[in-house]
Amino acid sequence: MTINERQSLYVQPQFHSVPSFYGRQFEPVRLEADLFDCQIEGVFPEELKGTFFGLGPDHQYPTFEDDIILNGDGSLLSWRIEGGHVDFKSRYVQTERFTAEREARKKLFNVYRNPVRDDPDAPGLLQRDNTGNTYAWYFNGRLFALREDSHPNEIDPVTLETKEVFNFDGALKSTALSAHGKIDPVTGEWWAFGMYAERQWAGECALIVADKNAKLIREEYFVAPYPGMMHDFAVTREHVIFDIQPFRVDEERMKKGGQFYAFDPDQPSLWGIMPRDGSTSDIRWFRAPGVVCGHIMNAYTEGKKVIVDAPAAPGNSFPFFTDVAGNPTDIELGNATITRLEFDLVGESDQPKVTRIHGAVGEMPKIDDRFAMMRYKYGFFRGADGLNRIDWDTLEVRNYPMVAPNVLHECTFVPRYEGAAEGDGWLLAVVNHAATNRGALVVFDAMKIEDGPIAKAKIPYSTHMTFHGSFAPGVL
């Protein structure tokens, strides 16, 4: 072999583990797989028929050492459940960005939501930031790979084939559609928002509503008091609640190759509340010092009060973002506790009443979605010590312990049957065991989680982290 031939050989850059939440590091998995008839432990309930979808980040190419988990390529997991059998499938979400990198056979888009350090060969894509990695969102027979800074791709729920970019048939003006939406259990509407809707980085935001057939029926704008983060929001039968978290966007920092967000410890989170049948011009803003939220469990209106339940931390819950001075933050201050915020709409105070629930440390909250936007009894969440259920009437927290090296991801509730009582059903969640490189879909009786899983569908590898998923009844 000549010197020129040796110089022309491809030398792959090093794969790095990626910083995640709670100080953890994740190695890329980079596997698309099909497994017919998973190994089953226990018995899957006969009534449990449909497909569970999970979605998370999994870098397909080597990254910069300072890359973060939020910048990973979207990878979908599905478990098809019927008659006690379970079939597994995983596929990358083939966004425009993913396809460009696969054709180039290298990483092109290097930094989360900042093109300054992109590879010279990177094409200029309007959907540059769309990794499709956050929420496997099942809505009225259709599946979407949601990502909050872009328009999502639709996904074939059976084959997991990536379809076209979805923008409500061209009606959506906002360049962003939130990774978290709310489905109204009464009307079937899809409520969402678009943060940085015009990519001006000034806090511009759109309220977005579609009817049950995914036809856009409402889009109106407002500007948040400061350019912060809004990953989730809340809707009740009477109100809409926008939460601006103290992670500042700064164009000057970005131009220097810095992070898109930086935590501002001196800035309280802001909560804007408007009547659901009103306008964004009606928003009233509240301050919540020492309350940092990434997700919402549920919310409801009671008289002249709005109640929001959410995991809340006193500090930076995204530890891979530094503070505005460029310093790392205390990981312990990012640990969230399930918290109730009560906003008095007729009182003079601009701060909510904040009640942290003792012993309810955790994140990734879910509910029985049939009771979304209204007073409810049960919430479920992934805790530091396993899977948890809170009873909001008694504040009792039940737990099934599951600690390292097991990694429990977000759970999803599935009702036992259409008219079942609240909480009567199952919780489905992905569990990884990195030490043995094995994984499983586990099923709990939601009212008896302390008894442990009633069934597991095992797969012969440990999957990537999954952020958010959903269950599609009857979709096989």
Side-chain angles (χ1 to χ4, degrees), residues 52-56 74 76 93 130-155 157 163 165-169 171-197 205-222 229-237 239-245 272 274 276 280 293-300 308-310 364-374 376 410 412-413 466-473:
F52 173 76
F53 300 102
L55 178 60
L76 271 162
V93 181
N130 184 20
T131 55
N133 70 8
T134 310
Y135 205 137
W137 174 259
Y138 185 74
F139 178 78
N140 195 21
R142 302 170 72 177
L143 180 65
F144 303 93
L146 300 185
R147 161 79 178 208
E148 65 196 39
D149 47 29
S150 311
H151 293 169
N153 281 86
E154 188 166 358
I155 305 294
K163 302 168 74 173
V165 171
F166 176 79
N167 56 14
F168 299 101
D169 295 322
L172 184 63
K173 296 182 178 65
S174 169
T175 63
L177 179 67
S178 56
H180 284 271
K182 307 297 175 184
I183 299 176
D184 188 320
V186 176
T187 67
E189 293 169 336
W190 174 353
W191 287 71
F193 62 91
M195 191 66 188
Y196 301 110
C205 186
L207 170 63
I208 300 165
V209 187
D211 68 14
K212 64 181 180 181
N213 298 312
K215 178 182 178 182
L216 191 68
I217 58 175
R218 185 175 181 182
E219 183 175 5
E220 54 182 290
Y221 286 68
F222 66 94
M229 174 194 290
M230 181 162 56
H231 177 63
D232 200 351
F233 80 139
V235 183
T236 76
R237 299 242 57 82
H239 294 93
V240 182
I241 305 97
F242 303 100
D243 60 293
I244 308 299
Q245 303 300 320
M274 60 170 277
R276 182 164 152 161
T280 54
C293 296
H295 298 106
I296 305 296
M297 179 176 283
N298 199 11
Y300 60 94
V308 179
D309 298 327
M364 297 303 209
K366 295 299 277 285
I367 62 168
D368 180 339
D369 287 326
R370 299 172 299 165
F371 293 82
M373 307 182 183
M374 63 186 77
Y376 69 116
E410 179 196 68
T412 293
F413 177 82
T466 58
F467 286 150
H468 306 292
S470 52
F471 185 78

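Bear in mind the structure is a predicted one, so any value in this text is a computation, not a measurement.
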Start with the C-alpha gap between Phe53 and Leu143, add the side-chain angles, then the distance that decides, and say whether side-chain contact (heavy atoms from CB on, under 4.5 Å) holds. CA-CA 9 Å; Phe53 300 102; Leu143 180 65; 3.7 Å; yes
Considering all heavy atoms, the nearest Gly141-Tyr138 contact: CA-OH, 3.1 Å
Heavy-atom check, side chain of Phe242 versus side chain of Leu207, under 4.5 Å: yes
Tell me whether Asn133 contacts the main-chain N or O of Arg147 through its side chain, where contact means a donor paired with an acceptor under 3.5 Å. no
Considering only heavy atoms from C-beta outward, does the side chain of Asp232 approach that of Lys182 to under 4.5 Å? yes
So, Phe233 versus His180, ring centres under 6.0 angstrom or not? no
Could you go through the side-chain contact (heavy atoms from CB on, under 4.5 Å) check for Phe193 and Glu219 one step at a time? CA-CA 9 Å; Phe193 62 91; Glu219 183 175 5; over 6 Å; no
Do you see a donor-acceptor pair shorter than 3.5 Å between the side chains of His231 and Glu148? yes
If you define the side chain from C-beta out and look only at heavy atoms, does anything of Gln245 sit under 4.5 Å from Met230? no
Do you know the tightest heavy-atom contact between Tyr135 and Ala179? CD1-O, 3.1 Å
Supply the atom-to-atom distance Ser470 OG to Ile183 CD1, rounded to the nearest 0.5 angstrom. 8.0 Å
Where do Glu189 and Arg276 land on the salt bridge (Lys or Arg N to Asp or Glu O under 4.0 Å) test, with the steps shown first? CA-CA 13 Å; Glu189 293 169 336; Arg276 182 164 152 161; 3.7 Å; yes
Check: Phe166 ring centroid to Phe144 ring centroid under 6.0 Å: yes
Phe168 vs Leu177 side-chain heavy atoms within contact, under 4.5 Å: yes
Student check: side-chain heavy atoms of Lys212 and Thr187 closer than 4.5 Å: no
Check step by step if salt bridge (Lys or Arg N to Asp or Glu O under 4.0 Å) holds for Asp169 and Lys215. CA-CA 8 Å; Asp169 295 322; Lys215 178 182 178 182; over 6 Å; no
pair Lys163-Ile155: side-chain heavy atoms closer than 4.5 Å: no
Mark yes or no for whether Thr175, through its side chain, and Ala197, through its backbone, hold a donor-acceptor pair below 3.5 Å. yes
What's the verdict on side-chain contact (heavy atoms from CB on, under 4.5 Å) for Met364 and His468, showing C-alpha distance, side-chain angles and the deciding distance? CA-CA 8 Å; Met364 297 303 209; His468 306 292; 3.5 Å; yes
Over all atoms of both residues, closest heavy-atom pair of Ala310 and Cys293: CB-SG, 4.1 Å
Nearest-0.5 Å distance that lies between atom CD1 in Ile208 and atom OG in Ser174: 4.5 Å
When rounded to the nearest 0.5 angstrom, what distance separates CG in Asp309 from CG in Asn298? 7.0 Å
Given Leu55 and Phe467, is the side-chain contact (heavy atoms from CB on, under 4.5 Å) satisfied, shown in steps? CA-CA 6 Å; Leu55 178 60; Phe467 286 150; over 6 Å; no
Mind checking the OH-CG spacing from Tyr196 to Asp149? Nearest 0.5 Å is all I need. 12.0 Å
Rounding to 0.5 Å, atoms CG (Leu216) and CG (Asn213) come to a distance of 13.0 Å
Counting heavy atoms not belonging to Lys173, are there more than 12 under 6.0 Å from its NZ? no
May I ask you to test the Met373-Asp184 pair for a side-chain heavy-atom distance under 4.5 Å? yes
Under 3.5 Å donor-acceptor, Asp211 side chain and Ala214 backbone: yes
Residues forming a salt bridge (charged side-chain N to carboxylate O under 4.0 Å, His left out) with Asp243, sequence neighbours excluded: none
Identify the heavy atoms of Thr412 and Phe52 that sit nearest to each other, and give their distance. OG1-CE1, 3.5 Å
Parallel, tilted or perpendicular: which one describes the rings of Trp137 and Phe139, with boundaries at 30° and 60°? parallel
Could you tell me whether a side-chain N or O of Glu410 sits under 3.5 Å from a main-chain N or O of Gly469, the two making a donor and an acceptor? yes
OG1 of Thr280 to CD of Glu220: how many Å apart, nearest 0.5 Å? 4.0 Å
Please confirm whether the ring centroid of Phe471 lies under 6.0 Å from the ring centroid of Phe413. no
Spell out, as yes or no, whether a donor-acceptor pair under 3.5 Å connects the side chain of Asn153 to the backbone of Val93. no
Say whether, by atom type as modelled, one donor and one acceptor occur between the side chain of Thr236 and the main chain of Tyr300 under 3.5 angstrom. no
